[in-house]
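First up is the structure itself, then whatever we jot down about it.
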Amino acid sequence: MIDVFSEGVSQDIAQVLQNRDNQVNEQRILFRKLDENQSLISAKLNIPGPIKNNLYLIQVFQSGLEQFTQGLEVDYQLIWNIATGPEAFLILNESNIAVKKHSMEFEDNNKLGRLFDIDVLTNSDGSLHPLSRKDFHQAERKCLLCNQPAKICARSRTHSVGEMQNYINKLINKNLELSWN
């Protein structure tokens, strides 16, 4: 079994927060380019701990993104392969509602989808907001390790980074043939 977290450059909270600012700026730029019937998607991996990117996580991201976009009409795609983790910005020729339903299905039922955070962005009062599962009367995402809502476990640090990485490592090794290609 490959240790997915054995390689990579450690990231601290300041680097992660700076990346969030950069992400929001890119989303704003792209949102201005949308046609009326298009959707803006921001996708990344939910990876706990200081290692957010390496060759293994890039493979996971590429494979999962390819699976997610199957059957969708992608008009524009921008991929960031940065130390805080791989990210994608997509403009799809699909309605926000259809794409959000598709993203929830992918996140909940695809084996790799559990590791993804896919936001479908909308403009509300001049600022961008992701559509919520609540908007579709869906339950919050569940923790990878227990049946609690993921946000509650993350905030209270119910599970250690090591426990989370161990689970993710097994999930990736079980569901993706990893290599250094």
Side-chain angles (χ1 to χ4, degrees), residues 4-69 72-96 99-100 102-104 106-107 110 112-135 140-141 143-144 150-151 153-155 157 161 164-165 168-169 172 176:
V4 173
F5 299 100
S6 64
E7 302 286 331
V9 177
S10 291
Q11 298 296 292
D12 62 27
I13 191 68
Q15 291 162 314
V16 171
L17 292 175
Q18 178 60 53
N19 178 60
R20 284 193 188 155
D21 290 343
N22 296 340
Q23 183 184 50
V24 168
N25 288 335
E26 188 65 37
Q27 291 167 353
R28 286 182 183 141
I29 291 167
L30 292 174
F31 198 80
R32 288 186 224 124
K33 297 180 180 184
L34 289 183
D35 288 340
E36 187 175 305
N37 298 319
Q38 292 180 314
S39 297
L40 176 60
I41 309 309
S42 181
K44 62 182 181 172
L45 294 175
N46 286 320
I47 303 297
I51 302 297
K52 305 285 187 195
N53 200 358
N54 58 36
L55 292 176
Y56 300 127
L57 294 172
I58 290 168
Q59 286 183 33
V60 169
F61 187 74
Q62 289 172 338
S63 178
L65 190 63
E66 185 177 294
Q67 291 171 41
F68 170 72
T69 58
L72 298 174
E73 188 179 337
V74 180
D75 188 52
Y76 176 85
Q77 178 175 293
L78 172 65
I79 304 291
W80 284 357
N81 183 15
I82 55 179
T84 53
E87 296 183 45
F89 303 90
L90 308 172
I91 295 177
L92 304 176
N93 292 321
E94 312 278 344
S95 75
N96 283 341
V99 174
K100 182 61 181 178
H102 181 76
S103 70
M104 289 186 297
F106 174 78
E107 289 173 345
N110 182 291
L112 295 175
R114 298 270 298 149
L115 302 178
F116 275 75
D117 181 14
I118 300 172
D119 289 333
V120 179
L121 300 162
T122 62
N123 187 348
S124 176
D125 300 324
S127 62
L128 291 178
H129 298 282
L131 286 175
S132 162
R133 288 171 172 262
K134 289 180 185 177
D135 296 331
E140 294 180 53
R141 288 182 80 172
C143 172
L144 290 171
K151 287 181 181 179
C153 287
R155 281 189 198 123
R157 299 183 186 207
V161 169
M164 297 293 290
Q165 287 179 336
I168 291 168
N169 198 38
I172 290 171
L176 189 67

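Scope of the values below: all heavy atoms of this structure, side chains included, with no hydrogens, waters or symmetry mates. Just so it is clear, the structure is predicted and the values come from calculations on it, not from any experiment.
- With rounding to the nearest 0.5 angstrom, the CD atom of Glu73 is 11.0 Å from the CG atom of Asn37.
- Using modelled atom types, one finds a donor on one side chain and an acceptor on the other under 3.5 Å when comparing Asn19 with Glu87.
- Put simply, the side chain of Leu57 does not reach to within 4.5 Å of the side chain of Lys52, judged on heavy atoms.
- Side chain of Gln15 to backbone of Asp12: a donor-acceptor contact under 3.5 angstrom is found.
- The side chain to side chain contact (heavy atoms under 4.5 Å, CB included) with Glu107 is formed by just one residue from the set Arg114, His102, Arg133; it is Arg133.
- The minimum heavy-atom distance linking Leu45 with Phe61 is given by the pair CG-CD1, 3.8 Å.
- Distance CZ/Phe5 to CD1/Ile172: 5.5 Å, rounded to 0.5 Å.
- We find the CD1-CG distance between Ile168 and Leu115 to be 5.5 Å, quoted to the nearest 0.5 Å.
- The aromatic ring centroids of Phe68 and Phe116 lie 6.0 Å or more from each other.
- In this structure, Trp80 and Glu26 have side chains that are in contact, with non-hydrogen atoms separated by less than 4.5 Å.
- Contact detail for Val16 and Gln11: the closest heavy-atom pair is CG2-CB, 4.4 Å.
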Inset, instruction - Check the pair Asn22 / Gln18 against side-chain hydrogen bond (donor to acceptor under 3.5 Å, both in side chains), numbers first and verdict last. - result: CA-CA 6 Å; Asn22 296 340; Gln18 178 60 53; 3.0 Å; yes
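- A pairwise comparison of heavy atoms in Asn96 and Ser39 identifies OD1-OG, 2.8 Å as the closest pair.
- Exactly one residue among Leu121, Leu40, Ile41, Asn25 makes a side chain to side chain contact (heavy atoms under 4.5 Å, CB included) with Leu30. That residue is Leu40.
- A salt bridge does not link Glu140 to Lys151: none of the charged nitrogens lies less than 4.0 Å from a carboxylate oxygen.
- Atoms CD1 and CG, on Ile91 and Leu78 in that order, are 9.5 Å from each other to the nearest 0.5 Å.
- Side-chain contact between Ile58 and Asn53: present, with at least one pair of heavy atoms (C-beta onward) separated by less than 4.5 Å.
- Annotation: the span from Glu7 atom CD to Leu55 atom CG amounts to 8.0 Å, rounded to 0.5 Å.
- Judged by distance alone, with hydrogens and angles left aside, the side-chain atoms of Asn110 form a donor-acceptor pair with the main-chain N or O of Leu112 at under 3.5 Å.
- When every heavy atom of Phe106 is checked against every heavy atom of Ile118, the shortest pair comes out as CD2-CD1, 3.5 Å.
- In terms of modelled atom types and a separation under 3.5 Å, the side chain of Gln165 and the main chain of Pro48 share a donor-acceptor contact.
- No side-chain heavy atom of Lys100 sits under 4.5 Å from any side-chain heavy atom of Asp135.
- Rounded to the nearest 0.5 Å, atoms CG (Leu90) and CG (Leu65) are 5.5 Å apart.
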Inset, instruction - Show your reasoning for whether side-chain contact (heavy atoms from CB on, under 4.5 Å) applies to Asn46 and Arg141. - result: CA-CA 12 Å; Asn46 286 320; Arg141 288 182 80 172; 3.9 Å; yes
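- Shortest non-hydrogen contact noted between Ile79 and Ala88 is CD1-CB, 3.5 Å.
- In this structure, Asp119 contributes its side chain and Ser42 its backbone to no donor-acceptor pair below 3.5 Å.
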